[in-house]
Amino acid sequence: MITKEELSNILHNSAQYVNEGVVSFANQNHLPSICYWEYLWHDAMASGDQYETVVTYQISMLSKTPRPSALFALKKNLNAAGLHPDINHEYDVESKLWHFYLAVDVLEEI
């Protein structure tokens, strides 16, 4: 399992435009772009005591094309870190954008 800092490095090495939480005003018109946020905390226990928290992050990428090079870079960088998440694909007809999303667990001190 990786740390949040390692996840951030992977994301920033995969795409030029990356934001945590919400897409920044400066990056909203730049594609492909990555936005990631935490959505689940799970205590990792050892001998009955909590020693770490596993935090699950959603990683979303928006693109004008169905197979952007940044998506392949993200997959390659995650795989190199020993992570092999399912990558979901969907197309939004209204915005004419592709949305790719996946979940990654990281260890954090909460």
Side-chain angles (χ1 to χ4, degrees):
M1 195 164 304
I2 63 173
T3 65
K4 182 180 177 187
E5 182 178 350
E6 291 168 322
L7 174 62
S8 179
N9 289 337
I10 288 170
L11 299 178
H12 283 87
N13 288 327
S14 300
Q16 183 175 358
Y17 303 102
V18 178
N19 289 97
E20 182 177 2
V22 295
V23 177
S24 75
F25 183 74
N27 288 349
Q28 70 182 358
N29 293 318
H30 297 282
L31 298 174
S33 64
I34 293 175
C35 187
Y36 66 107
W37 59 90
E38 62 186 54
Y39 70 89
L40 179 67
W41 292 359
H42 174 77
D43 292 336
M45 308 294 282
S47 302
D49 294 324
Q50 177 185 350
Y51 76 100
E52 288 284 354
T53 301
V54 177
V55 178
T56 303
Y57 281 84
Q58 176 166 323
I59 301 166
S60 287
M61 178 183 290
L62 293 175
S63 174
K64 291 180 183 179
T65 60
R67 289 183 162 218
S69 59
L71 181 62
F72 288 99
L74 176 61
K75 182 181 181 334
K76 178 183 173 188
N77 292 335
L78 289 167
N79 292 167
L83 302 172
H84 302 274
D86 293 336
I87 300 174
N88 300 280
H89 305 246
E90 64 184 2
Y91 181 71
D92 181 62
V93 176
E94 271 187 45
S95 67
K96 297 181 180 166
L97 293 178
W98 287 89
H99 178 219
F100 312 97
Y101 57 99
L102 55 133
V104 173
D105 290 336
V106 303
L107 288 177
E108 286 189 46
E109 288 188 29
I110 302 283

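All residue numbers in this chain count up from 1 along the given sequence. Note that the structure is a prediction, hence the values are computed from the model and not measured.
Distance check, rounded to the nearest 0.5 Å: NE2 of H99 to OH of Y91 gives 14.5 Å. Taken to the nearest 0.5 Å, the CG atom of L40 stands 11.0 Å off from the OG1 atom of T53. Residue Y17 holds its OH atom at 11.0 Å from CG of N19, rounded to the nearest 0.5 Å. With rounding to the nearest 0.5 angstrom, the OG atom of S63 is 8.0 Å from the CG atom of L71. Atom CD of residue E90 and atom OG of residue S60 lie 8.5 Å apart, to the nearest 0.5 angstrom. E6 contributes atom CD, which lies 8.0 Å from atom CG of N9 (distance to the nearest 0.5 angstrom).
Contact check for M61 versus P68: side-chain heavy atoms found under the 4.5 Å cut-off. The side-chain heavy atoms of K64 and L97, taken from C-beta on, include a pair separated by under 4.5 Å.
Taking all atoms of both residues into account, the shortest heavy-atom contact from E108 to Y57 is OE2-OH, 2.6 Å. The heavy-atom pair separating N13 from N77 by the smallest distance is O-ND2, 3.5 Å. Contact record, G82 with H84: O-CD2, 3.6 Å, taken as the closest heavy-atom pair. Across all their heavy atoms, A70 and P32 have their closest contact at CB-CG, 3.7 Å.
Atom CG of D92 is surrounded by more than 12 heavy atoms from other residues, nucleotides or ligands within 6.0 Å. Around the CD atom of E109, the shell of radius 6.0 Å holds no more than 12 heavy atoms that belong to other residues, nucleotides or ligands. Applying the 6.0 Å contact sphere to CH2 of W37 captures more than 12 heavy atoms from other residues, nucleotides or ligands.
Under the 30°/60° scheme for interplanar angles, the aromatic rings of H89 and F100 are found to stand perpendicular.
I2 and V55 fall within a single hydrophobic cluster, where Ile, Leu, Val, Met, Phe, Trp and Tyr side chains are chained together by heavy-atom contacts under 4.5 Å. Y101 and L62 are members of different hydrophobic clusters when ILVMFWY side chains are connected at heavy-atom separations under 4.5 Å. When the side chains of ILVMFWY residues are joined at heavy-atom separations under 4.5 Å, either directly or via intervening members, V104 and W41 end up in a single hydrophobic cluster. In this structure, I87 is a member of the same hydrophobic cluster as V18, with clusters built from ILVMFWY side-chain heavy atoms closer than 4.5 Å.
Checked options D105, L102, I59; the residue passing with P85 is L102 (criterion: side-chain contact (heavy atoms from CB on, under 4.5 Å)).
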